[in-house]
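Notes to accompany the following structure.
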Amino acid sequence: IAFNTTGKVNITIAADATVGEKAKTLNITKVNGNVNGSADKAVNFTLYTLPELVERKVVVEEFTGTGCGWCPRGLIGMDNLRNTFGDRFVGIAIHQYNSSDAMYIGSSAYAKHGMTSAPSCRLNRGEVLDPYYGSGDDIRNDFAAAMAVPALAKINVSGTIDEELKKVNAKAQVEALLDGSEYTLEFVVIGDGLKGTGSAWNQANYYSSNYSASQLPEDLAIFGNGGKYGTSTITGWSFNDVALV
């Protein structure tokens, strides 16, 4: 790490001899052979030693709405995650920004998520991030980091829907990998390919009045002035990952 700059160092911690959860402390005593002069020399963390490694899927809850003019980038960010990570991406677009939204879902119909500004998202209920840029310049980097963390439980979900598309039967099987673990389950019905006519389906777009298509990244250029959807109101968009109930 160059002088007077900030960097990241990966430190591997060995698993314990027995399966379980244990509090640990990491101390940095020296830097370049010299005594660590930082006021913060230690960090506390929890080490999980698991009987097996289970591939993690990552839930991305996005706070959004058709009345949010910057939310088009969230639409693209969620699409990028789905296209890059396939079924390891579990998207839940929570349309709560404006009640005039055709896909609006009331706060009492969905668990508290702690997001108040749009567009924003949380990965596995972690910190609030931008659904396009993430913590840096690409939400996919944050997703890859979250995906690399081993899961603490195995979960298999199955479901059926009746012919009238009115009733869903769902079942989840959970196998905890640590003794004493407890989990609360919530089922969310997600809709893909939703579209309609009328103002309740129109997506506000601030990019058209603030940027030309050539000023934007390639995947956002469609929303800029001169792009395919370069108008203040986007019509005909097909919405995915929409939380219905």
Keeping the roles fixed (side chain from [X], backbone from [Y]), state whether a donor-acceptor pair exists under 3.5 Å.
| X | Y | result |
| --- | --- | --- |
| R56 | M147 | no |
| N205 | F223 | yes |
| D101 | T66 | yes |
| T49 | D16 | yes |
| T84 | L81 | no |
| N27 | T29 | no |
| N83 | D79 | yes |

What closest approach, in Å, do [X] and [Y] show between heavy atoms, and which atom pair accounts for it?
| X | Y | value |
| --- | --- | --- |
| G136 | D142 | N-OD2, 4.5 Å |
| W201 | A102 | CE2-CB, 3.5 Å |
| V54 | A153 | CG1-O, 4.2 Å |
| A172 | V157 | CB-CG2, 4.2 Å |
| L123 | A146 | CD2-CB, 4.3 Å |
| S238 | G193 | OG-CA, 3.2 Å |

Side chains of [X] and [Y]: is there a donor and an acceptor less than 3.5 Å apart?
| X | Y | result |
| --- | --- | --- |
| S208 | N225 | no |
| T233 | T231 | no |
| Q203 | Y229 | no |
| N36 | S38 | no |

Nearest 0.5 Å please: distance from the [atom1] atom of [X] over to the [atom2] atom of [Y].
| X | Y | atom1 | atom2 | value |
| --- | --- | --- | --- | --- |
| Y132 | C121 | OH | SG | 13.5 Å |
| N124 | E61 | CG | CD | 8.5 Å |
| L185 | K171 | CG | NZ | 13.5 Å |
| I92 | M78 | CD1 | CE | 8.0 Å |
| L216 | E218 | CG | CD | 11.5 Å |
| T25 | N44 | OG1 | CG | 4.0 Å |

Got [X] and [Y] here, is their nearest side-chain heavy-atom distance under 4.5 Å?
| X | Y | answer |
| --- | --- | --- |
| I190 | L244 | no |
| I11 | L26 | yes |
| I139 | Y133 | no |
| L177 | L152 | no |
| I222 | I76 | yes |
| I105 | I94 | yes |
| Y97 | T64 | no |
| N240 | R82 | yes |

Under the side-chain contact (heavy atoms from CB on, under 4.5 Å) rule, what do D241 and D192 come out as? Steps first, then yes or no, please.
-> CA-CA 5 Å; D241 311 309; D192 286 334; 3.8 Å; yes
Establish whether [X] and [Y] are linked, either directly or via other cluster members, by ILVMFWY side-chain heavy-atom contacts under 4.5 Å.
| X | Y | value |
| --- | --- | --- |
| V90 | V58 | no |
| V19 | L50 | yes |
| M103 | L75 | yes |
| F45 | Y48 | no |
| L129 | V59 | no |

Determine the sole option in I28, N34, V35 for which the side chain to side chain contact (heavy atoms under 4.5 Å, CB included) test with V31 is passed.
->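 Between V31 and the candidates, side chain to side chain contact (heavy atoms under 4.5 Å, CB included) is satisfied uniquely by I28.
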Should the heavy atoms of other residues, nucleotides or ligands under 6.0 Å from [atom1] of [X] be counted, would the total exceed 12?
| X | atom1 | answer |
| --- | --- | --- |
| D179 | CG | no |
| L53 | CG | no |
| N210 | CG | yes |
| K228 | NZ | no |

Matching residue for H113 among Q96, R122, E62 - test: side chain to side chain donor-acceptor pair (under 3.5 Å) |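 Going through the options one by one, the only one that passes is Q96.
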State which residue, out of E55, Q173, E52, fulfils the side chain to side chain donor-acceptor pair (under 3.5 Å) condition with K154.
->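 Of the listed options, the one satisfying the test is E52.
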Please work out which of the three classes, parallel, tilted or perpendicular, describes the rings of W70 and Y207, given edges at 30° and 60°.
->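 Rings of Y207 and W70: perpendicular, over 60°.
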Determine the interplanar angle of the F239 and H95 rings, folded into 0 to 90°, and report it as parallel if under 30°, tilted if 30 to 60°, perpendicular if over 60°.
->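 Rings of F239 and H95: perpendicular, as their planes differ by over 60°.
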Stepwise side-chain contact (heavy atoms from CB on, under 4.5 Å) test for I13 and L47 | CA-CA 8 Å; I13 306 296; L47 177 67; 4.3 Å; yes
Test T46 against E21 for side-chain contact (heavy atoms from CB on, under 4.5 Å), laying out the working first.
-> CA-CA 7 Å; T46 301; E21 175 183 344; 3.4 Å; yes
Under the criterion salt bridge (Lys or Arg N to Asp or Glu O under 4.0 Å), which of D219, D138, D130 is the partner of R73?
->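 For R73, the salt bridge (Lys or Arg N to Asp or Glu O under 4.0 Å) check succeeds only for D130.
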